[in-house]
Participant: 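Sharing a structure below in structure tokens format, with a few things to ask.
Each ligand, and each atom within it, is numbered from 1 in the order the structure gives.
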Amino acid sequence: MKLQGEKTGTFFEKSKRVIPHGVNSNFRYWGEDDTLIIKKGEGAYVWDMDDKRYIDYRLGFGPVILGHSYQPVVERVQEALQGGNLFAWTTPYEVSVAERITRICNVDKVRLTNTGTEATMHALRIARAYTGREKFIKFEGQYHGMADYFMFSTASSYRGGLGSRRNPIPQPNTSGIPKALNQYVITLPFNDFEGLERTVKANWGDLAAIFTEPVLGNAAGIMPQPGFLEKIRELCDEYGIVMLFDEVKTGFRVSRGGAQEYFGIQADLITYAKAMGNGFPIAAIAGKEDVMMTVEPGSLAHGGTYTGNVVGAAAADKTLEILETQPILDTINKRGKALMTGITDILTEAGIPHYITGVPSMFGILLGKDEEPSDFRDYLAGDGDLYEEISMGLNYRGIQPDSDGREPWFLCYSLSETDVDETLNAFNDAVKDAKEK
Ligand SMILES: Cc1ncc(COP(=O)(O)O)c(C=O)c1O
């Protein structure tokens, strides 16, 4: 079967003539028959070139928290644009966004960027400048954007190259990364208390930062075990290391104040992006006064032509205003819980071992195993092929989670109870089909 209808297929061919593989991000390439071209989105839905409607659980890889084309955000951007869009000066929108983030996330200072990649890249530089050290720890299966420093042992890396749990090997997941960069990154399995402590004790004099996605938004939403984030906090305090939460996916989603609020832990530096602008390009680096104030004209560089541009800042201003003043996440969590329960019931009924990871606004489905995965290696031991079979069955039926189980299901405020019912009915059918194969 083929996901592309005729018009979508034709447009994809046209796209490939001028864009490598027809996509502007490799993650969007689903193969020759299943890569879509999207004509429009509204609320919880997107439509392809053949006017096939999908209930969207990818939401642009997470950002569209309110829904596509959400009018209050669109109107604020349109209104702001009437007064120009780029000035090489600070605008009131930027100040308002920074004020909102300090209030919502309990941080002292904020700098804006355009993408998550820029935010993590700058955050690493700040941590290095603050500590005078060069190395950092990252956990396997976590993704911190496209910068060379971070593209090691992500969810796309080759399993066989990760090394032993006790002595992991940083595995580059792309060609084009200078070998010299291996020396700056130490990779570890997530939730490994003993490995983390041993590694920090042996390397603390070189360690600028411990980076973590507090919930593994790029590896099926694997959760931290109780005490693990606290352990990172404790080690960072003891050894003068910057604790860095990469909240690009969790920020403003897992709870209003992100994972810091959800788990009750304050990091030193935090990166935000995705949900803060409902899909408009805007991101932020935020954190404690002393760490953030390392940024200084002439001493520690941070900037960019488009940082804080009017479109992104106005979109974030409105999105954050809505998230701050309306019970948006309550609705999303209610729908998410209904989906998690419904999916659990269907899989149990079908006799498929499973574990639902993550939180209702962003959850993953592990198949073939019924224990909670503690790290990315555990996740890989599950049945990824069965997941792909079921998720493609859903896509054929007009329900669109990512075909790759490492990408969680994302929910938006526009998703209705009827959409949840339609999704569960399709899930039931897709599971039946997959079992018959
Ligand atoms: C946790 C995390 N950090 C950083 C990034 C990079 O963000 P961007 O794609 O906006 O550069 C992503 C993107 O998915 C992410 O999930």
Participant: State which residues pass salt bridge (Lys or Arg N to Asp or Glu O under 4.0 Å) with K231; sequence neighbours excluded, sorted by chain then number.
Facilitator: E197, E234
Participant: Tell me which residues fall inside the under-4.0 Å heavy-atom shell around ligand 1.
Facilitator: T115, G116, T117, Y143, H144, G145, E213, N218, D246, V248, K249, K274
Participant: Is the F228-F190 ring centre distance short of 6.0 angstrom?
Facilitator: yes
Participant: Fit a plane to each ring of Y184 and Y149, take the angle between them on a 0 to 90° scale, and name the class: parallel (under 30°), tilted (30 to 60°) or perpendicular (over 60°).
Facilitator: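 Taking Y149 first and then Y184, their aromatic rings stand perpendicular (interplane angle over 60°).
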Participant: Relative to each other, are the rings of F252 and Y272 parallel, tilted or perpendicular (30° and 60° limits)?
Facilitator: tilted
Participant: Decide whether E261 and S255 meet the rule of one side-chain donor and one side-chain acceptor closer than 3.5 Å.
Facilitator: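 Yes, side-chain donor-acceptor contact under 3.5 Å.
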Participant: Answer with yes or no after comparing the ring centroid distance for Y54 and Y45 against a 6.0 Å cut-off, counting only values under it.
Facilitator: no
